[in-house]
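Structure first, commentary second.
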Amino acid sequence: MARLAGVSIATASKAINDRGEVAATTRARVLRAAAELAFQPNPMAQGLVAGRTRAVGVLTDELDGQFTVPVLLGAEKALADLEMSVLLCDTRGDTIRRNHHIRTLLARQVDGFIVVGDSDDIRASLTAELPVPVVYVHCRSTGHGDLSLVPDDEGAVRLAVEHLLALRRRNIGHITGPQSCRAARDRAATTSAVLSEHGLTLAGGHALHGEWSQRWGRQAARLLIATAPETDAVFCGNDRIASGVAQELAGLGRRVPEDVAIVGYGNREIFAADCSPPLTTVDLGLPLLGEAAVAHLVAAMAGTPSSGVIRQPCRLVLRESTA
């Protein structure tokens with residue numbers, strides 16, 4: 001191309017990259033030569049010259065986690081729109097494996113890292129170990145200067161409970177995951193708090209903690225109806241549990257939603273849309289969370305980092321289980 005335009009390689013490069021020190025006539029000649037040769041700039045080569053590879057490393061502990069995949073899909077879409085590459089590594093919760101992946105990604109000269117969690121939990125900051133920007137998504141970093149993006153869990157619970165209250169349900173039970181899970185404990189506490197604001201308490205007196213499974217949903221539904229037969233609504237900690245609750249209530253002769261309304265959490269299509277009846281549930285907007293993580297990472301790479309915890313609003317998806 002430079003030979004065809006009659007200029008040096010350096011001048012051709014400046015013209016192609018729209019550098020200001022090239023005369024307009026020279027730039028026009030170079031661009032005509034480029035068009036004639038169907039020249040396409042090499043993004044990797046341009047990145048190396050600029051000190052950037054336009055690649056981002058993504059670290060996750062649970063690649064097959066129910067929350068991880070939607071976040072990753074959102075991040076990958078945003079990176080693809082920016083013509084950036086993603087290098088995905090599954091650390092499987094192993095520190096040695098994680099450190100190996102970090103060294104490998106740094107050797108590939110990634111421009112930044114996205115750390116994806118499968119639960120909105122606290123994790124040790126990696127920022128001090130890394131020479132490039134880091135954004136934490138669907139988890140919260142221990143680093144005070146770090147940026148963490150998470151769903152607004154408290155706001156999501158309020159959406160669910162206040163929806164049931166608006167339907168004039170007053171005996172609302174809560175069936176959720178294990179007591180050892182911080183997210184399950186927090187959702188149960190928020191559920192109780194919202195009910196208390198309306199002068200109500202949980203049906204059965206307390207939240208029912210167990211597995212994140214349909215089996216537990218069935219077991220807990222039997223227990224709840226046995227101890228609080230006046231129950232007219234159940235808010236569940238995930239859609240899998242809610243699906244089990246719906247199955248068991250049908251077996252107990254309770255109609256959904258006429259006798260007992262059900263709200264799930266997570267909007268997992270395999271459980272929410274295929275449940276009988278389909279579940280009203282909270283959508284956490286996880287793909288949008290992944291896209292936001294990319295936007296913040298790109299801003300940090302450009303020299304304008306953010307810090308703190310950003311909580312993304314959720315939405316309620318209405319289906320027949322509360323209609």
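- The two atoms that bring T142 and A124 nearest to each other are OG1-CA, 3.6 Å, heavy atoms only.
- In this structure, V116 is not a member of the same hydrophobic cluster as L73, with clusters built from ILVMFWY side-chain heavy atoms closer than 4.5 Å.
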Q: Quick one: do T91 and H101 satisfy side-chain hydrogen bond (donor to acceptor under 3.5 Å, both in side chains)? Show the steps, please.
A: CA-CA 7 Å; T91 68; H101 285 314; over 6 Å; no
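- Contact annotation: the side chain of L288 never approaches that of L286 to less than 4.5 Å [non-hydrogen atoms, C-beta and beyond].
- Side-chain heavy atoms closer than 4.5 Å link hydrophobic residues (I, L, V, M, F, W, Y) into clusters, and following such links, possibly through other members, connects W212 to V245.
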(Q) As a quick check of understanding, evaluate side chain to side chain contact (heavy atoms under 4.5 Å, CB included) for V137 and V115, giving each step before the final call. (A) CA-CA 6 Å; V137 59; V115 178; over 6 Å; no
Q: Apply the test side chain to side chain contact (heavy atoms under 4.5 Å, CB included) to residues E269 and D274: give CA-CA distance (whole Å), side-chain angles for both, the deciding distance (0.1 Å), then the verdict.
A: CA-CA 7 Å; E269 291 288 324; D274 291 344; over 6 Å; no
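- A 4.5 Å side-chain heavy-atom check between V58 and L72 finds at least one atom pair inside the cut-off.
- V260 pairs in a side-chain contact (heavy atoms from CB on, under 4.5 Å) with only one of the listed residues (L224, V234, N171), which is V234.
- Across I175 and A220, no two heavy atoms sit closer than the pair CG2-CB, 3.4 Å.
- Atom CZ of residue R315 and atom CG of residue D283 lie 4.5 Å apart, to the nearest 0.5 angstrom.
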(Q) Does V161 form a side chain to side chain contact (heavy atoms under 4.5 Å, CB included) with H198? I'd like the steps, not just the answer. (A) CA-CA 11 Å; V161 178; H198 293 267; over 6 Å; no
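- In this structure, R170 contributes its side chain and L165 its backbone to a donor-acceptor pair below 3.5 Å.
- Side chains of T322 and H163: a donor on one and an acceptor on the other come within 3.5 Å.
- The shortest side-chain heavy-atom distance between I114 and L59 does not fall under the 4.5 Å cut-off.
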Q: May I have the step-by-step check of side chain to side chain contact (heavy atoms under 4.5 Å, CB included) for M84 and V56, ending in yes or no?
A: CA-CA 7 Å; M84 299 179 71; V56 170; 3.8 Å; yes
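- In terms of modelled atom types and a separation under 3.5 Å, the side chain of H138 and the main chain of V150 share no donor-acceptor contact.
- Formation of a donor-acceptor pair under 3.5 Å by the S321 side chain with backbone atoms of A261 is not found in this model.
- The cluster map of Ile, Leu, Val, Met, Phe, Trp and Tyr, joined by side-chain heavy atoms under 4.5 Å apart, puts L130 and L297 in different clusters.
- Each side-chain hydrogen bond (donor to acceptor under 3.5 Å, both in side chains) pair with one or both residues in residues 227-256, not counting sequence neighbours, appears once here: Q214-S243, R218-Q247, R222-E248, D239-T281, R255-D259.
- Between L208 and W216, some side-chain heavy-atom pair lies under the 4.5 Å cut-off.
- Listed by first and then second residue, the ring pair (Phe, Tyr, Trp, His ring centres under 6.0 Å) pairs that reach into residues 171-191 are H174-F235, sequence neighbours excluded.
- A distance of 9.5 Å separates NE2 of H209 from SG of C181, quoted to the nearest 0.5 Å.
- At a threshold of 4.5 Å between side-chain heavy atoms, the hydrophobic network of Ile, Leu, Val, Met, Phe, Trp and Tyr places L149 and M301 in one connected group.
- A donor-acceptor pair is defined here as one N or O able to donate and one able to accept, closer than 3.5 Å; such a pair exists between the side chain of R319 and the backbone of L279.
- Here the closest heavy-atom approach between residue G143 and residue S125 is recorded as N-CB, 3.6 Å.
- In this structure the side chain of T60 reaches within 4.5 angstrom of the side chain of T68, judged on heavy atoms.
- Linking Ile, Leu, Val, Met, Phe, Trp and Tyr residues whenever their side-chain heavy atoms come within less than 4.5 Å places Y265 and L164 in a single cluster.
- Heavy-atom contacts from other residues, nucleotides or ligands closer than 6.0 Å to CZ of R215 number 12 or fewer.
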Q: Any chance you could lay out the salt bridge (charged side-chain N to carboxylate O under 4.0 Å, His left out) test for D94 and R98, step after step, and finish with the verdict?
A: CA-CA 6 Å; D94 181 81; R98 182 200 69 193; over 6 Å; no
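- For the atom pair SG of C275 and CD1 of I262, the computed distance is 6.5 Å after rounding to the nearest 0.5 Å.
- Checking side-chain atoms of T191 against main-chain N and O of R187 turns up a donor-acceptor pair under 3.5 Å.
- Looking at L87 and F113, their side chains never come closer than 4.5 Å, going by heavy atoms from C-beta outward.
- In this structure, H100 NE2 and L105 CG are separated by 9.0 Å, a value rounded to the nearest 0.5 Å.
- Taken to the nearest 0.5 Å, the CD1 atom of I310 stands 9.0 Å off from the OG atom of S148.
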Q) Going through the distances and angles, do D146 and R140 end up as a salt bridge (charged side-chain N to carboxylate O under 4.0 Å, His left out)? A) CA-CA 9 Å; D146 292 342; R140 285 181 281 174; over 6 Å; no
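- Residues A246 and S276 share a closest heavy-atom pair of CB-O, 4.1 Å.
- Nearest heavy-atom pair, C139 versus G117, reported as atom, atom and distance to 0.1 Å: SG-N, 3.9 Å.
- Across all non-hydrogen atoms, the minimal contact from G177 to I241 is N-CD1, 4.0 Å.
- Salt bridge annotation for E197-R158: present, with a cationic side-chain nitrogen under 4.0 angstrom from a carboxylate oxygen.
- No side-chain heavy atom of I172 sits less than 4.5 Å from a side-chain heavy atom of L200.
- Scanning for ring pair (Phe, Tyr, Trp, His ring centres under 6.0 Å) contacts around Y136 gives an empty result, with sequence neighbours left out.
- A distance-only check finds no donor-acceptor pair linking the side chain of S196 to the backbone of S192 [under 3.5 Å].
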Q.
One pair to check against salt bridge (charged side-chain N to carboxylate O under 4.0 Å, His left out): R54 and D111. What are the steps and the verdict?
A. CA-CA 6 Å; R54 299 189 65 78; D111 296 328; over 6 Å; no
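- Looking only at distances, no side-chain donor or acceptor of Q179 sits under 3.5 Å from a matching main-chain atom of R185.
- Rounded to the nearest 0.5 Å, atoms SG (C314) and CG (L284) are 5.0 Å apart.
- Between the side chain of T280 and the backbone N or O of V263, no donor-acceptor pair lies under 3.5 Å.
- Side-chain contact between E291 and H296 is absent, with no heavy-atom pair separated by less than 4.5 Å.
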